[in-house]
Amino acid sequence: MSTHPPSIPEFSDTEVAALRERYSAERERRVRPDGSAQYRRAEGEFGYYAQDPYADGLTREPLHDHVDAIVLGGGFGGLCAGARLRQAGLERIRIIEKGGDFGGTWYWNRYPGIHCDIESYVYLPLLEEVGYVPEWKYSPGEEIRRHAMAIGRTFDLYRDACFQTGITELRWDDGEWIVLTDRGDEMRATYVVVSNGTLDHPKLPGIPGIESFRGHTFHTSRWDYDYTGGGPDGGLTGLAGKRVAIIGTGATAIQVVPHVARDAEHLHVFQRTPSSVDVRDNRPTDPRWAASLQPGWHAVRRENFQAVVTGLQADEDLVDDAWTASAHVLGKIIATDARAHWDHAEWERAEELLDFEKMNQLRARVAEVVEDPATAELLKPWYRYGCKRPTFSDEYLGAFNRSNVTLVDTADHGGVERFTESSVVVGGREYEVDCVIFATGFEVGKSDVMTGRLPVRGREGVRLFDSWRDTGVRTLHGFCSNGFPNLFHLGPLQNAPSVNYVHVLDEQAAHVAAVIAEARRRGTKRVEPSVEAETDWVATIEAGSPERAWFDAECTPGYYNNEGSARPRRTFGPGPAAFQRLLREWRTGDGIDEALGDAS
Ligand code: NDP
């Protein structure tokens with residue numbers, strides 16, 4: 001595979017101008033002056049949208065003990081941290097999780113149709129360690145949740161875990177962290193790893209009258225099977241005779257709609273921006289292939305996927321799916337140095353034409369599948385690939401051929417306008433429904449640490465939020481900060497994200513565990529970067545980032561571009577593979593000596 005784009009399609013200047021103009025006009029139709037403020041957090045009077053429908057009432061005595069490490073969050077990031085710390089020899093590892101079990105987003109999201117949209121053989125972490133090969137190329141949510149629990153068992157992480165528990169404060173005190181929780185715990189830990197996710201809190205649109213609707217409502221991430229009947233595989237018998245509204249057409253709705261369409265008397269899908277919907281082609285795992293896998297296969301496949309989607313040299317494309325087939329148009333959403341030797345303007349031009357071609361194919365797919373031309377027209381996405389999270393389904397578009405499914409386009413009204421006691425209103429027209437399902441997504445990138453909702457006090461009681469508010473985020477490699485010893489962050493902060501986010505998290509967890517293991521080997525009590533090391537890293541990140549700001553600025557609004565008010569995404573310019581290499585070199589060079597300081 002070459003780093004040069006595949007053969008460049010031909011578009012006349014008139015066609016290019018027309019597409020650019022259409023994209024710009026479609027963006028302007030949707031940009032709202034209130035940006036992210038259009039949403040409301042599911043809390044307070046709307047707190048029931050975020051309640052846990054799965055956990056039993058738990059009572060336990062508060063804990064006042066000391067453990068080696070506390071990990072905040074029991075999703076895949078936290079589980080990878082727990083597993084890698086266990087491999088590094090730590091004895092007492094306590095994962096603290098708000099949900100009733102491990103799984104994170106896969107614990108909360110159990111809606112009908114839920115599947116992973118990255119190939120499961122590269123998405124699921126620790127497959128060889130657990131001894132598991134997924135049953136499907138794209139796993140259903142239940143299989144993923146079971147795997148999360150299997151990691152917990154394999155690495156003995158249930159022993160010290162605290163579920164249904166929220167951390168309320170982290171405080172550095174005389175060489176260790178005091179961790180306070182909403183269950184009255186006051187635990188102590190030598191190390192704290194924060195991995196509380198980027199999509200962890202459901203959000204609702206601030207639609208007027210939402211509270212006056214008298215029918216049934218819930219958010220997709222807290223699916224109400226008591227009301228709908230059935231399960232993640234469908235069979236929603238409770239929806240027989242019901243008129244249902246789904247609000248939103250993002251990656252979640254794409255998976256939900258076919259099931260609700262099958263079982264409701266009538267389904268109204270309220271769309272503001274259509275998703276790009278590519279081929280899925282899911283299939284069961286070939287047992288002969290699974291049996292043929294050699295030790296080390298998982299790392300090889302993950303790295304191959306990462307190389308292909310970031311446009312790096314790869315001899316073959318092992319995953320070979322709609323993600324990898326789109327690698328040539330992913331360059332603007334994943335930082336990479338794959339095109340460093342190309343003339344910038346030449347590459348931009350080539351990528352734009354390839355993007356037009358890709359999106360034309362996806363629009364043609366809509367026209368092929370959807371029988372009613374007016375509906376098909378509304379379902380066509382008019383923006384560049386990756387402005388919105390790409391989606392994949394072989395069933396979603398076809399659902400609109402059913403006589404009991406109506407697409408309601410809300411683009412000219414800024415979304416659904418309002419609710420009455422019994423209806424959803426768009427363009428002055430009332431759509432009477434019995435049930436409203438919010439597929440309206442999550443607060444993104446606003447972890448409680450970043451917003452200051454979770455106070456983190458470091459040396460001399462300094463609050464992390466205050467120190468970052470004054471200076472901007474300051475970290476070394478995105479993991480740790482001066483003044484906050486032995487505290488590590490996993491996630492997209494100042495490092496190198498990619499399409500396969502769990503792979504990124506696992507690499508991060510392995511790095512943090514390796515640093516902690518080395519600190520323990522040396523008898524060093526504090527892992528803390530110097531101010532100079534932080535400053536250098538912030539400069540590296542700043543230098544690598546702004547390139548994509550133009551893309552965000554031209555995109556249709558969404559959470560990828562802060563609802564249309566683009567701001568540069570601060571990531572490591574050369575990309576994830578280069579970042580992982582840099583970390584390995586740092587661990588074996590002088591960098592780690594400096595971060596581990598003296599052995600006092
Ligand atoms: P999104 O934020 O992607 O989608 C929310 C939807 O709600 C959008 O279509 C949005 O429209 C719509 N919306 C919001 N407000 C209104 C309104 N007032 N009126 C009408 N429509 C409105 O959330 P999702 O839950 O779909 O996906 C979130 C993320 O979760 C994904 O991007 C992906 O990262 C992840 N995911 C991953 C999956 C996987 O398999 N790995 C599966 C599902 C989700 P608009 O676009 O115009 O703002």
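Counting convention: from 1, in listed order, for ligands and their atoms alike.
- For ligand 1, the atoms lying closer than 4.0 Å to a non-hydrogen atom of Gly415 are 17 (C), 19 (N), 20 (C).
- At the shortest separation from atom 19 (N) of ligand 1 among protein heavy atoms lies Val416 N, 3.0 Å.
- The shortest N or O to N or O distance between Pro557 and ligand 1 is not below 3.5 Å.
- Residue-environment remark: CZ (Arg418) stays at or below the threshold of 12 foreign heavy atoms within 6.0 Å.
- When each atom of ligand 1 is checked for a heavy atom of Ala251 under 4.0 Å away, the hits are 26 (O), 31 (C), 43 (C), 44 (C).
- Remark: Lys203 is not positioned above the aromatic ring of Phe438, lacking an NZ or CZ atom under 6.0 angstrom from the ring centre and at most 45 degrees off the axis.
- With no hydrogens or angles considered, a side-chain donor-acceptor pair links Trp223 and Thr228 at under 3.5 Å.
- Closest to atom 21 (N) of ligand 1, if we only count protein heavy atoms, is Ile247 CG2, 3.8 Å.
- Relative orientation of the Phe76 and His147 rings is tilted, given thresholds of 30° and 60° on the angle between their planes.
- Side chains of His219 and Phe442 form a contact here, defined as non-hydrogen atoms less than 4.5 Å apart.
- Annotation: Thr252 places an N or O atom under 3.5 Å from an N or O atom of ligand 1; distance criterion only.
- The shortest side-chain heavy-atom distance between Thr571 and Phe579 does not fall under the 4.5 Å cut-off.
- The nearest heavy-atom contact from the protein to atom 4 (O) of ligand 1 is Gly250 CA, 3.8 Å.
- Within the 4.5 Å cutoff, no side-chain heavy atoms of Met359 are placed close to those of Arg384.
- Considering backbone and side-chain N/O of Trp106, none are found under 3.5 Å from N/O of ligand 1.
- Considering backbone and side-chain atoms alike, Gln38 places every N or O at 3.5 Å or more from each N or O of ligand 1.
- Residue Thr220 places no N or O, backbone or side chain, under 3.5 Å from any N or O of ligand 1.
- Short contacts between ligand 1 and Thr273, defined as distances under 4.0 Å to a heavy atom of the residue, involve ligand atoms 45 (P), 46 (O), 47 (O).
- Considering backbone and side-chain atoms together, Thr249 places an N or O closer than 3.5 Å to an N or O of ligand 1.
- When Tyr501, Phe442, Tyr559 are checked for heavy-atom proximity to atom 34 (O) of ligand 1, Tyr559 turns out nearest.
- A donor-acceptor contact under 3.5 angstrom links the side chains of Arg402 and Asn404, judged on distance only.
- A donor-acceptor contact shorter than 3.5 Å is absent between the side chain of Thr391 and the backbone of Ser275.
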>> Asp281 vs Lys137, test: salt bridge (charged side-chain N to carboxylate O under 4.0 Å, His left out). Steps then yes/no.
In response: CA-CA 9 Å; Asp281 195 18; Lys137 186 167 171 76; over 6 Å; no
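- With 3.5 Å as the limit, one finds a donor-acceptor pair spanning the side chains of Thr217 and Tyr49.
- At least one heavy atom of Tyr39 sits closer than 4.0 Å to an atom of ligand 1.
- Shown here is Glu21, whose CD atom has no more than 12 heavy atoms of other residues, nucleotides or ligands within 6.0 Å.
- At a heavy-atom cutoff of 4.0 Å, ligand 1 is contacted by the backbone of Ala439 but not by its side chain.
- If you look at Tyr111 next to ligand 1, the close heavy atoms, those under 4.0 Å, all belong to the side chain.
- Salt bridge status for Arg365 with Glu368: absent, with no side-chain N to carboxylate O gap under 4.0 Å.
- In summary, the atoms of ligand 1 found under 4.0 Å from a heavy atom of His115, numbered by their order in the structure, are 39 (C), 40 (O).
- Here Pro205 has side-chain heavy atoms under 4.0 Å from ligand 1, and that is the only part of it that gets that close.
- In the vicinity of Cys116, heavy-atom distances shorter than 4.0 Å reach the ligand 1 atoms 40 (O).
- For atom 46 (O) of ligand 1, the nearest non-hydrogen atom from the set Lys388, Arg272, Arg32, His219 comes from Lys388.
- In this structure, Gln271 contributes its side chain and Leu378 its backbone to a donor-acceptor pair below 3.5 Å.
- Between Asp117 and ligand 1, an N or O atom pair is found at a separation short of 3.5 Å.
- Residue, atom and distance of the protein heavy atom nearest to atom 1 (P) of ligand 1 are Gly441 CA, 4.1 Å.
- Look at Ile118 and you'll find every heavy atom at least 4.0 Å from all atoms of ligand 1.
- The nearest protein atom to atom 35 (C) of ligand 1, hydrogens excluded, is given as Leu199 CD1, 3.9 Å; this is a heavy-atom distance.
- Each of the atoms 6 (C), 7 (O), 9 (O), 12 (C) of ligand 1 lies under 4.0 Å from some heavy atom of Gly248.
- Annotation: cation-pi pair Arg27/Trp382 absent, no NZ/CZ under 6.0 Å from the ring centroid and within 45° of its normal.
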